[in-house]
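Here is the structure we will look at, set down as structure tokens.
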Number of protein chains: 2
Amino acid sequence: MKGHQVTIIDIAKKLGISKSTVSRALTNNPNVNPETRKAVLEMAKTLDYQPNMLALGLIKNETRMLGVIIPDIQKPFFAAIVSGIQHAVGRMGYRTIIAQSDESPQIEKENIQALMLSRVDGFLICHTRDTRNFDQIKLLYQKGFPLVSFARICQGLPIPKVVEDDFNGLYTTTQHLIERGRKRIALLAGPKHLQASKLRQQGYLSALRQNGIGFDNELVAHTRFLADDVAVAVNRWLALAEPPDAICTIYDGGAVQVMQLLKSRGVNVPGDIAVAGFGNDPASGLVEPGLTTFEQRPYEIGQAAGKHMLDILKKRFGDVPPEITISEGRLVVRGST
Amino acid sequence: MKGHQVTIIDIAKKLGISKSTVSRALTNNPNVNPETRKAVLEMAKTLDYQPNMLALGLIKNETRMLGVIIPDIQKPFFAAIVSGIQHAVGRMGYRTIIAQSDESPQIEKENIQALMLSRVDGFLICHTRDTRNFDQIKLLYQKGFPLVSFARICQGLPIPKVVEDDFNGLYTTTQHLIERGRKRIALLAGPKHLQASKLRQQGYLSALRQNGIGFDNELVAHTRFLADDVAVAVNRWLALAEPPDAICTIYDGGAVQVMQLLKSRGVNVPGDIAVAGFGNDPASGLVEPGLTTFEQRPYEIGQAAGKHMLDILKKRFGDVPPEITISEGRLVVRGST
DNA sequence: AACATTCCCGCAACCGTTCCCATATGGTGT
DNA sequence: ACACCATATGGGAACGGTTGCGGGAATGTT
């Protein structure tokens, strides 16, 4: 059982002085006799005094805690982002409360509510794949909470955002496949309404257009990033009169699943169909053949998001420009193409 | 900028009653007129009142926050544990502050200090691979903090612990290799002082002994779970007059590295040397050939740890037995053996 | 009608800290 | 001797809630 907490009053009593003086001594206030300060500091050490952050937070109205909302910590992408955020804000003494939405907009909403009650000093949010209603985050904005949006961002709010190199990534990857002589390039996309998915699809389309390759609607499949969606898409493509000779995906997880499906069907990769991914997840270097993919550095995305948050927290009064940071990537060519 | 926070005093003023009554109405205290309560509740809603958890925490001396200390959130094992913990304690309204020690005992110590100041209601700790001094966690115990130790546990403290199926895992895996006809089975272990590594090594030794296979000290290598250590070990084994015909590892990450090294040396797996792992990390199903491994379910380990914590928090006064939970596993046989 | 009981409600203390204001003390300038 | 100032300290309000205690009004009991 936790016994009595040592408070500044205990120190004051032991020393026969007032708690005001103890407080001043502890906070490096100059209006205190050096000898008194020394005595207080010593007594604090011998009593093993620990300041009560709750009381302090009540006065200052800050907790030095940041709320981080992500869909799923078990995805390497989000884990790396979290790590980047923590290392960025940790240096300034901020702690992070991680909340998982499990890709549920409802849980996302509840998490925001709960963290608001916990009086976190700010939010770093990556929405679920299904979030279409941004009322909650707008509410946060209205209430004046420092906000940073990353990866799956909320548009239309003047807050800092950090995103992946979406357009460029798929443009580069598609270009690469075309250079490898592929003519019928399929695209495994994400949810239609998701901005990141849209941009990646635009990159893909742009590369096709620029190379005079006609766009075939049959070759684009939208998924919710679920294994079943991928299987349906691959089955459909393989059943086509003219199946694709390459499959470009907007996420590595999907690419790995595509490769496994093709392998089980006896389709040779890259001989019959080349496969490319996006992200350079740990998995992409492990599969056989290695997956060609557009590398992203989620750790750095996290760091950038964390730094934006620190900027807001610091300048609290001189508004921070709602800068949008694009995390640069590069193509990693492996055996799958 | 965050404007004025709505407090119970605001509600009280608007309604012309005292803040005590408002407080009682809001906390379902029976000593309040149903009509008054209704009025308060309505006013709270129209004013969008949010209770201040800091003030509440100051009184109750609790934060409903739990500190979780892990070496590295980017390791799938720890990410899954964190997820399990969060889902277990989240139902009871507890939030988790995740702190990474980056495998540094010093940072681990600092994290514990910082979270103590933040007045978390309890700690769930997995130590670094190098932690040998457990003074910090013992201090926490003395101070009466609810404590749960998992995976890399602190022995000698009467607190709940959740561990992997260490002994049994390596016993089973080694037995499997022997059944496959392997005679010279090497062991890639972890740090010598780490309890989990010790137990796994004992499982390995036990299986050898039981099958009348002599123990060869040359065939055991200790690592700090680093890639360089693995390379050194593999090089040493391959240079032996009588190289091993199987390599058993105590962690999947090491097994994957071993397989890559062997492949780059032109050694056939499992033809020349069989390889087995521990954990069933996501990677083990992706490599070629698939890695035979002893499955662990880190998500469940996290859940068990979270439940232990809830038990302590609930029974606060009727001590909880310092139970040790072993998370059962099973052998997953794939191509590498 | 007098008294006990119940029901609501307000007052004030408290949690641990910061910070403004008042005050005592001693030294300096005139 | 007096006003004046700097320095060091104490007192108390404030942050936003909870809670024990006491009191007044309404009701029930004899």
Side-chain angles (χ1 to χ4, degrees), chain A residues 1-41 43-44 47-65 93 116-121 143, chain B residues 1-41 43-44 47-65 93 116-121 143:
Chain A
M1 194 76 339
K2 274 191 270 192
H4 173 68
Q5 313 274 351
V6 178
T7 73
I8 57 169
I9 299 184
D10 295 320
I11 299 180
K13 275 186 190 157
K14 284 259 183 193
L15 259 38
I17 58 179
S18 79
K19 61 175 182 165
S20 313
T21 305
V22 175
S23 172
R24 272 187 286 262
L26 256 20
T27 53
N28 286 329
N29 187 312
N31 294 335
V32 58
N33 191 313
E35 286 178 29
T36 313
R37 158 163 300 132
K38 190 155 158 285
V40 168
L41 258 29
M43 185 56 73
L47 255 44
D48 190 25
Y49 166 75
Q50 311 271 9
N52 188 325
M53 290 305 179
L54 289 172
L56 216 158
L58 188 55
I59 294 173
K60 298 268 181 76
N61 200 27
E62 69 166 26
T63 54
R64 298 195 85 72
M65 304 252 181
M116 240 174 71
L117 286 189
S118 297
R119 289 289 202 279
V120 292
D121 289 345
K143 296 211 176 209
Chain B
M1 197 76 340
K2 274 191 269 194
H4 172 68
Q5 313 273 350
V6 178
T7 73
I8 56 169
I9 299 184
D10 295 319
I11 300 180
K13 276 186 190 156
K14 285 257 182 193
L15 258 38
I17 57 179
S18 78
K19 63 174 184 170
S20 319
T21 305
V22 176
S23 171
R24 274 188 280 262
L26 256 20
T27 54
N28 285 330
N29 186 312
N31 294 336
V32 57
N33 190 312
E35 286 178 28
T36 313
R37 158 162 302 132
K38 190 158 158 283
V40 169
L41 257 30
M43 185 57 73
L47 258 43
D48 189 26
Y49 165 75
Q50 312 271 9
N52 188 324
M53 291 305 180
L54 288 172
L56 217 159
L58 187 57
I59 295 172
K60 297 268 180 74
N61 200 29
E62 69 167 26
T63 54
R64 298 194 86 72
M65 303 252 182
M116 240 174 72
L117 286 189
S118 297
R119 289 287 201 281
V120 292
D121 289 345
K143 296 211 174 208

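Because only heavy atoms are used, hydrogens play no part in the values below, and waters and symmetry mates are left out as well, while side chains stay in. In what follows, chains carry the letters A, B, and so on, assigned in the order in which the sequence lines appear, proteins first and then strands, with residues in each chain numbered from 1.
Counting only residues at least two apart or on different chains, the side-chain hydrogen bond (donor to acceptor under 3.5 Å, both in side chains) pairs with a member in residues 21-35 of chain A are A:S18-A:T21.
Contacts of B:I9 with the nucleic acid, taken as non-hydrogen atoms under 4.0 Å apart, are absent. Note on B:S23: a base of the nucleic acid sits closer than 4.0 angstrom, heavy atoms only.
Between the CZ atom in B:R119 and the CD atom in A:Q5 there is a gap of 4.5 Å [rounded to 0.5 Å]. The CD1 atom of A:I59 lies 11.0 Å from the CG atom of B:L54; values are rounded to the nearest 0.5 Å. Atom CG in B:L26 sits 6.5 Å away from atom CG in B:L41 (nearest 0.5 Å).
Contact annotation: the side chain of A:M43 never approaches that of A:V22 to less than 4.5 Å [non-hydrogen atoms, C-beta and beyond].
Contacts with DNA chain D (heavy atom under 4.0 Å) in residues 53-60 of chain B: B:A55, B:I59, B:K60, listed by number. Sorted by residue number, the members of residues 25-35 of chain B with any non-hydrogen atom under 4.0 Å from DNA chain D read B:T27.
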> Taking it one step at a time, do A:V32 and A:V40 satisfy side chain to side chain contact (heavy atoms under 4.5 Å, CB included)?
Replying inline: CA-CA 11 Å; A:V32 58; A:V40 168; over 6 Å; no
>> The test is side chain to side chain contact (heavy atoms under 4.5 Å, CB included); show your working for B:M53 and B:M65 and say whether it passes.
In response: CA-CA 11 Å; B:M53 291 305 180; B:M65 303 252 182; over 6 Å; no
> Between A:N52 and B:L58, is a side chain to side chain contact (heavy atoms under 4.5 Å, CB included) present by the stated rule, with each step listed?
Replying inline: CA-CA 9 Å; A:N52 188 325; B:L58 187 57; 4.0 Å; yes
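With rounding to whole Å, B:N52 atom CG is found 17 Å from D:dA14 atom P. D:dG17 atom C1' lies 14 Å from atom CD of B:E62, rounded to whole Å.
Taking the side chain to side chain donor-acceptor pair (under 3.5 Å) definition, one finds that A:R64 meets it with A:E62, sequence neighbours left out.
Shortest non-hydrogen contact noted between A:T63 and A:S118 is CG2-O, 4.0 Å. Annotation for B:I8 and B:Y49: closest pair CG2-OH, 3.4 Å, computed over non-hydrogen atoms.
B:K19 contributes no side-chain N or O that forms a donor-acceptor pair with the base of D:dG16 under 3.5 Å.
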Enumerate the protein-to-nucleotides 20-26 of chain D contacts in which both atoms are nitrogen or oxygen and the separation is below 3.5 Å.
{"unit_1": "D:dG20", "atom_1": "O6", "unit_2": "B:R24", "atom_2": "NH1", "d": "3.4"}

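Nucleotides of DNA chain C with any atom under 4.0 Å from a heavy atom of chain A span, from 5' to 3', C:dG16 to C:dC20.
Between A:I11 and the options A:T7, A:I9, A:L15, a side chain to side chain contact (heavy atoms under 4.5 Å, CB included) holds for only A:L15.
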